[in-house]
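Step one of this worksheet: look at the structure below.
Each chain gets a letter, A, B and so on, in the order the sequences are listed, and its residues count up from 1.
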Amino acid sequence: RKEVEQDPGPFNVPEGATVAFNCTYSNSASQSFFWYRQDCRKEPKLLMSVYSSGNEDGRFTAQLNRASQYISLLIRDSKLSDSATYLCVVNRKAGTALIFGKGTTLSVSS
Amino acid sequence: NAGVTQTPKFQVLKTGQSMTLQCAQDMNHNSMYWYRQDPGMGLRLIYYSASEGTTDKGEVPNGYNVSRLNKREFSLRLESAAPSQTSVYFCASRGTGDTGELFFGEGSRLTVL
């Protein structure tokens with residue numbers, strides 16, 4: 001089983017839709033969790049960190065469920081510019097490398 | 001601000017040739033990483049360096065060597081390139097603390113014929 005698993009999609013949604021991505025991780029000792037965004041043929045960039053209490057940044061909401069080892073990202077009111085690949089990222093412990101999921105592709109159409 | 005700089009951006013090699021991918025960061029970060037990205041495979045960690053003078057294997061280290069030359073520079077070497085090493089290579093760095101923000105270079109696209 002891969003350490004970080006995501007539904008690869010693609011998710012094809014119209015503008016204004018709400019879409020949710022899910023991610024599971026296998027190492028229960030994992031300490032930190034993040035969502036990265038990657039545009040086509042570009043480098044990944046941090047979208048947001050994921051905290052146990054849940055956190056929101058504008059139209060984006062991230063949730064963490066440690067008991068189920070599950071992370072989610074909710075995007076409300078999708079924009080064309082949200083089209084990208086969203087990468088779930090887990091850090092086992094401080095000082096070690098970040099482990100990336102394969103990514104979920106989102107395509108928002110007008 | 002340059003951030004993380006990788007060279008070369010594109011390279012074509014023949015099987016058996018060697019080459020070194022260079023990476024430098026100007027953010028005074030302790031940790032540096034090399035990932036490769038292949039279609040449908042996501043980003044896979046090749047090697048990382050938690051601090052100057054240390055290196056550790058990641059998920060897919062076979063066929064690669066690394067050198068943490070100093071705090072700024074972390075190079076990746078292919079001693080005898082194989083077609084399976086055709087990929088996009090990303091170097092990244094991260095500062096102290098656990099913010100999780102990796103800063104990536106723009107990537108190096110390598111083709112091995």
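- Around NZ of K71(B), the count of heavy atoms belonging to other residues, nucleotides or ligands within 6.0 Å exceeds 12.
- F103(B) does not touch chain A: none of its heavy atoms, backbone or side chain, sits under 4.5 Å away.
- Other residues, nucleotides and ligands place no more than 12 heavy atoms under 6.0 Å from the CD atom of E106(B).
- Residues F104(B) and Q38(A) form no side-chain contact, since every pair of their non-hydrogen atoms from C-beta on lies 4.5 Å or further apart.
- Residue E43(A) holds its CD atom at 12.0 Å from CG of L102(B), rounded to the nearest 0.5 Å.
- By the criterion of side-chain heavy atoms lying less than 4.5 angstrom apart, applied directly or through intervening Ile, Leu, Val, Met, Phe, Trp or Tyr residues, V19(A) is grouped together with F60(A) in one hydrophobic cluster.
- Distance check: F100(A) CZ to R44(B) CZ gives 14.0 Å after rounding to the nearest 0.5 Å.
- R41(A) places a side-chain heavy atom less than 4.5 Å from the side chain of R109(B).
- In this structure, V60(B) is not a member of the same hydrophobic cluster as Y33(B), with clusters built from ILVMFWY side-chain heavy atoms closer than 4.5 Å.
- Sparse packing is recorded around OH of Y51(A), with 12 or fewer heavy atoms of other residues, nucleotides or ligands lying under 6.0 Å away.
- Listed by chain and residue number, nothing satisfies the salt bridge (Lys or Arg N to Asp or Glu O under 4.0 Å) test with R68(B) (two or more places apart in sequence, or in another chain).
- Neither the backbone nor the side chain of Q6(A) has a heavy atom closer than 4.5 Å to any heavy atom of chain B.
- Counting heavy atoms from C-beta outward, L43(B) and P44(A) have side chains that approach closer than 4.5 Å.
- From L98(A), atom CG reaches atom OH of Y35(B) across 5.0 Å, with rounding to the nearest 0.5 Å.
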